K.L.:
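The structure follows.
No experiment lies behind these values; they were computed from the predicted model shown. In each ligand, atom 1 is the first atom listed, and ligand 1 is the first ligand listed.
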Amino acid sequence: MNNRVKISSALYRSNVWAFSIYLALCSPALPASDWSRVDGPTGGSPRSVGETNSGCIAGAQSLPLEGKGYQVMHIERNRYWGHADLVKAIKLLGKQSSQRNLGTLMVGDLGQPRGGPLPFGHRSHQSGLDVDVWFNLNTKILDKANAMRSNIGAPSMLNDSQTGLARDRWTSDHVTLLELAANLPGVDRIFVNPYIKKELCESVEGNRDWLRVIRPWYNHDDHFHMRLSCPADSPSCRTQEPVPIGEGCDSSLDWWFHHPTITTPKPHPAPAPQLPGECRDILAEP
Ligand SMILES: [Zn+2]
């Protein structure tokens, strides 16, 4: 065997080896419906796996359907499950909002009992670290029997021409709510519509450090999306690229106002990475 053959056969072997590791780590895509059909979580302590747009969770906890200062909406979706840290953060946000007289928060989707891809509504929310909170404020607790709290709309905070905020709906209470959320323990980032971010950039006085985690994103004009960083108990959880240093009130924000997609879902999203193999075991557990 000459050197070139030796090298290429060694390369071939290492490629085969790398490929088999890859196969062991990544399972073929499991249909979203497999994940939405599972009623309950696995036992044991909470463990977020993978990324928020390609992951799952073991030992998820359910957010009680109502508590001090909050209520879960769309109960019929069974998406009120998440990592214990997320459940704790939402409860704390409810308590703090109630102390500030913001009324009862309407909490939208967290994730499915074992996380994983959702058949509709979101690309992320897969690893038990995401939650949507509606911008409806000053609401009262609704009867759970009230069509499972699913017959209520979340009004957009944008004006009818979608060129700025609706001044009759957006209030300083929304600013207070976002500041409370941004300062919760473990929060990695919060997505809001670019017009909302712009409003904060232009209006917040005093401490502005919290503006950093408020990120402009498509849609998000009727709710904000809060994401926690990977918890210490979850070694195979992967956090996104860190949020850039600074308030984010610069040209990176201006970019949004030169694009007509500010109130639409992200056009041409990249395909989601494959689910970690660990998720197959989590889905299969009794
Ligand atoms: Zn969301």
Side-chain angles (χ1 to χ4, degrees), residues 32 35-36 48 50-57 60-63 65 70-83 85-91 93-94 97 105-137 149-150 152-158 174 177-178 180-182 184 186-197 200 213-231 237-241 243 256 261-267 269-270 272-273:
W35 294 89
S36 62
S48 292
E51 301 172 52
T52 60
N53 65 347
S54 177
C56 60
I57 178 169
Q61 287 187 5
S62 65
L63 176 66
L65 296 181
Y70 81 88
Q71 61 190 317
V72 174
M73 307 302 290
H74 282 292
I75 299 166
E76 80 287 357
R77 293 184 182 176
N78 195 25
R79 293 181 179 175
Y80 39 81
W81 300 86
H83 190 281
D85 288 2
L86 182 66
V87 169
K88 214 188 284 175
I90 299 166
K91 286 180 175 171
L93 183 61
S97 303
L105 301 181
M106 291 180 158
V107 176
D109 290 349
L110 285 70
Q112 299 170 138
R114 300 187 188 192
L118 297 104
F120 65 94
H122 315 272
R123 282 166 60 80
S124 61
H125 289 248
Q126 294 192 26
S127 56
L129 300 173
D130 296 279
V131 62
D132 290 338
V133 179
W134 298 9
F135 281 127
N136 301 38
L137 291 180
R149 295 186 184 148
S150 52
I152 305 281
S156 169
M157 292 294 121
L158 300 188
H174 293 107
L177 173 60
L178 285 171
L180 291 173
L184 289 170
V187 167
D188 178 54
R189 65 197 72 204
I190 290 173
F191 298 107
V192 298
N193 186 269
Y195 281 115
I196 295 175
K197 172 77 185 191
L200 299 177
V213 300
I214 307 282
R215 308 298 299 161
W217 197 244
Y218 302 89
N219 286 332
H220 294 87
D221 52 313
D222 58 7
H223 72 278
F224 66 91
H225 175 143
M226 181 170 93
R227 175 171 296 161
L228 302 192
S229 313
C230 284
C237 173
R238 290 178 58 191
T239 300
Q240 265 180 283
E241 288 284 295
V243 169
W256 290 92
T261 53
I262 213 158
T263 55
T264 67
K266 186 180 183 189

K.L.:
Taking 2.8 Å as the cut-off, does an N/O/S atom of Asp109 lie below it from the Zn ion (ligand 1)?
P.N.:
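Short answer: no, not a single N, O or S atom is under the cut-off.
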K.L.:
How many angstroms lie between atom CZ of Phe224 and atom NE2 of His174, to the nearest 0.5 angstrom?
P.N.:
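The CZ atom of Phe224 sits 9.5 Å away from the NE2 atom of His174.
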K.L.:
Check whether any N, O or S atom of His220 sits under 2.8 Å from the Zn ion (ligand 1).
P.N.:
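Coordinating: no.
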K.L.:
Using the Zn ion (ligand 1) as the apex, give the angle to atoms ND1 (His225) and OD1 (Asp132), rounded to 10 degrees.
P.N.:
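With the Zn ion (ligand 1) as the vertex, ND1 (His225) and OD1 (Asp132) sit 110° apart.
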K.L.:
What is the distance from atom CG of Leu228 to atom CG of Leu184, rounded to the nearest 0.5 Å?
P.N.:
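Between atom CG of Leu228 and atom CG of Leu184 there are 8.5 Å.
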K.L.:
Among residues two or more places apart or on two chains, list those pairs meeting salt bridge (charged side-chain N to carboxylate O under 4.0 Å, His left out) that have a residue in residues 116-130.
P.N.:
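Matches after skipping sequence neighbours: Asp130-Arg227.
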K.L.:
Output all residues satisfying side chain to side chain donor-acceptor pair (under 3.5 Å) with Asp109, sequence neighbours left out; order by chain, then residue number.
P.N.:
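Side chain to side chain donor-acceptor pair (under 3.5 Å) list for Asp109, sorted by chain: Arg77, Arg79, His122.
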K.L.:
Quick check: does His223 have an N/O/S atom under 2.8 Å of the Zn ion (ligand 1)?
P.N.:
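Of the N, O and S atoms in His223, none lies under 2.8 Å from the Zn ion (ligand 1), which means no.
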